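All figures in this text were calculated on a predicted structure; none of them were measured in a lab. Order of the sequence lines sets the chain letters (A, B, ...), proteins ahead of strands, with each chain counted from 1.
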2 protein chains.
Amino acid sequence: MENIDIKFIAKKSECSIATVSRVINRSKPVSEELQKRVIDTIRKYNYNPSIYAQNLAGKKSRLLGFIMTNYINQYQLLLFRYLNEFACKMGYGCIIRYCNSGFEEKLEVLRELEIRGIEVCFSLFLLSQEEEAYIKEHFRIKVCHMQSPEMRLNIIEKNESSVYEAVCYLAQLGHKRIGGIFCIDEIDDSFLMARKRGFLKAISQINLDQDESMIGQLHGECEKDSVISVIEKIFVPQKPPTALFCYSDEVAIEVMSWIMKQGYRIPEDISVLSFDGIPFAGRVTPSLSTISQPVEYQAKCIINGMLYLQDGIERPCDEKGNEYLLQIRDSVGLPSH
Amino acid sequence: MENIDIKFIAKKSECSIATVSRVINRSKPVSEELQKRVIDTIRKYNYNPSIYAQNLAGKKSRLLGFIMTNYINQYQLLLFRYLNEFACKMGYGCIIRYCNSGFEEKLEVLRELEIRGIEVCFSLFLLSQEEEAYIKEHFRIKVCHMQSPEMRLNIIEKNESSVYEAVCYLAQLGHKRIGGIFCIDEIDDSFLMARKRGFLKAISQINLDQDESMIGQLHGECEKDSVISVIEKIFVPQKPPTALFCYSDEVAIEVMSWIMKQGYRIPEDISVLSFDGIPFAGRVTPSLSTISQPVEYQAKCIINGMLYLQDGIERPCDEKGNEYLLQIRDSVGLPSH
DNA sequence: TTGTAAGCGTTATCAC
DNA sequence: GTGATAACGCTTACAA
């Protein structure tokens, strides 16, 4: 069987390959009649231009890169699922690489993506200004992340305010001793920091117990052991908190497990509230209250942002979708005293 | 700055581009001295051959396709993570599409993958013989799945025997009334069926209560509502089972939630055992006992199988890694009566 | 062992 | 509006 390429289509349509190319790309006007003829043959023979040839001839790659953290996190997995979905919708394919937090390793991954002909890549790791500058200097590939301005996610502000409001909500229920578990990364102003800021702001504003020992800090990886050692410090038997905010659902589930093993009841003895809104949060016992992120919306913004980096065309998202919802479930109740 | 392509490297190495190509691909012997010279210049200028040009010139695509089910399932997510990792290691990129179970939709996805120049694709959906035949007839792209012989996963047999053994274990603990929740797909002999077969075999062999009403069946999607309606039928208050096997961790977690809401205690009133070994199983309360699948091993086999389909080279996996481990945790205990 | 040159399937720049 | 044709960066006969 003959190969169905642009030459074949041209022959069948009785025109030149240049014309076929023009029809495909709408790059130059073609008479209506001829255009119809070409489209019909393309349909008839189910022709698809070779993306490799297109690329060689100077077109962009239609491939987006993604750097995911090696630590398997529900929220990320979900986010990527949507990212992939939107990318497909826009006619793009996604190439993922998993990677540890070291900068060297990220550079290695970037190099691999660049080899694949990828022009724009999204990193789930935030990047410091120096890192971004280094990449800009040494790579052709453009890198962006959650906090890149092109994404228009307002993520820092949204994180801070939603946590602030959630803690206020707990206070309204009557909680006075509210603990918090946070995660710190090396970036100066990250959305993870913002969660803590929102928490602290609420604590200090509403005149709650400001007990330093009720605030725990994780660093990067959230191994079971480190989670437990943090939570142990918060739960001093003399005066445990009556409510606990946790920066992520995943960690919160771990924490709830520990709390219940110690014999405390949730929410009778202690309420737990966390952040992310992963599907599992609603399935564990007791079901976990959480601030759910607009994952789908975020994915859309990210893809639009990446495409902007790719072709310079702005595709604004409706800001209305960017809502962080406080979902109160069984893990939150009134304080018992 | 000059473009660093094969011509550039050839010039700097003082040889022809053919030689450079031969060094890159080890396709024909090149004298040691010249080879070294070429490799050095490649290193020096950090040259990477354009995969697009390579492809156009007849090489395979170095891209693998993956069809994932639209239903977000932990095990799948984990599996894909490893698939991606191994694919990368072998120098391949992965393109994923999510898809519903309809055949038409799968065909659509296959077409998209084919357009991207992908030659081999793995489907998380099983395919009936007719479907496979249809695809073979109408597509260039090769499709495989969990039960394809190239994968050498023995998955049906392994599923059956591991469930059989797990149920035997429950019986040894003294459980006489063991319920089961299964999932049925349209494929005649699927590994999901095998789980049920293993269960039934154990039940009938060890002379346990053979109460039909203690066996529930899900169909395809595992929405919360359908899970609950199945579990409700199993738990008739008169004589509930003392142990329950569930075909997947994800559903088991949902089921445990329901059971505890009804006021039963796990494992005192009822033991729960399931299948998959997702990370969350160990994190919920009570921690879920499960038959953990060798995900990493499976991913390796799958990639090797796909590469075999791609280039005909066999890359056998050590069969030893193919172990299904019964992990007993807090959700399983002795029957109380 | 090495070099020359003909493809691979497009796009884009010219002419007409 | 349309058709030649060079160019994209590589692989691979074929020739030397």
> Would you please classify the geometry between the A:F80 ring and the A:F66 ring as parallel, tilted or perpendicular, with 30° and 60° separating the classes?
perpendicular
> Any pair with a residue in residues 70-81 of chain B that passes salt bridge (charged side-chain N to carboxylate O under 4.0 Å, His left out), sequence neighbours left out, goes on the list, sorted by first then second residue, please.
B:R81-B:E85
> Distance only, no hydrogens: is a donor on one side chain within 3.5 Å (strictly under) of an acceptor on the other, for A:D185 and A:S190?
yes
> Any heavy-atom pair between the side chains of B:S128 and B:E186 that's under 4.5 Å?
no
> Suppose we call two aromatic rings close when their centres sit under 6.0 Å apart. Are B:Y47 and B:F8 close by that rule?
no
> Does any non-hydrogen side-chain atom of B:C15 lie less than 4.5 Å from one of B:V20?
yes
> What residues from residues 48-61 of chain B pass a heavy-atom cutoff of under 4.0 Å to DNA chain C?
B:L56, B:A57
> Answer whether the closest heavy-atom distance between the side chains of A:K36 and A:D40 falls below 4.5 Å.
yes
> Note down the inter-axis angle between the two ends of the helix from C:dT1-D:dA16 to C:dC16-D:dG1, five pairs each, to the nearest 10°.
40°
> For the side chain of A:R37 and the backbone of A:S13, is there at least one donor-acceptor N/O pair under 3.5 Å apart?
yes
> Would you jot down, in residue-number order, the residues of residues 23-36 of chain B having a non-hydrogen atom under 4.0 Å from DNA chain D?
B:N25, B:K28
> Taking the six-membered ring of B:F125 as reference, does the cationic atom of B:K106 (NZ for Lys, CZ for Arg) lie under 6.0 Å from its centre and within 45° of its axis?
yes
> Donor-acceptor pair, B:N70 side chain versus B:Y98 backbone, under 3.5 Å?
no
> Need to verify one output field. Residue with the more 5' nearest nucleotide on DNA chain D, A:E14 or B:S21?
A:E14
> Quick one: does B:E105's side chain have a donor or acceptor within less than 3.5 Å of a partner on B:N100's backbone?
yes
> B:K7 NZ to C:dA5 C1': how many Å, rounded?
13 Å
> Expressed in angstrom and rounded to an integer, what is the separation of A:F8 atom CZ from C:dC8 atom P?
15 Å
> Of all nucleotides in DNA chain D that come within under 4.0 Å of a heavy atom of chain A, which is furthest toward the 5' end and which toward the 3' end?
D:dG1 to D:dG9
> Measure the distance from CG on A:D5 to P on C:dG7 and round it to the nearest whole Å.
14 Å
> Over all strands shown, is A:Y47 touching base, sugar-phosphate only, or nothing at heavy-atom distances under 4.0 angstrom?
sugar-phosphate
> In this structure, how many angstroms lie between the P atom of C:dA6 and the CD1 atom of B:I17, rounded?
12 Å
> Please give me the minimum heavy-atom distance between B:A87 and B:C94, naming the atom from each residue.
CB-SG, 3.4 Å
> Which pairs, with at least one residue in residues 101-122 of chain B and sequence neighbours excluded, count as a ring pair (Phe, Tyr, Trp, His ring centres under 6.0 Å)?
B:F103-B:Y134
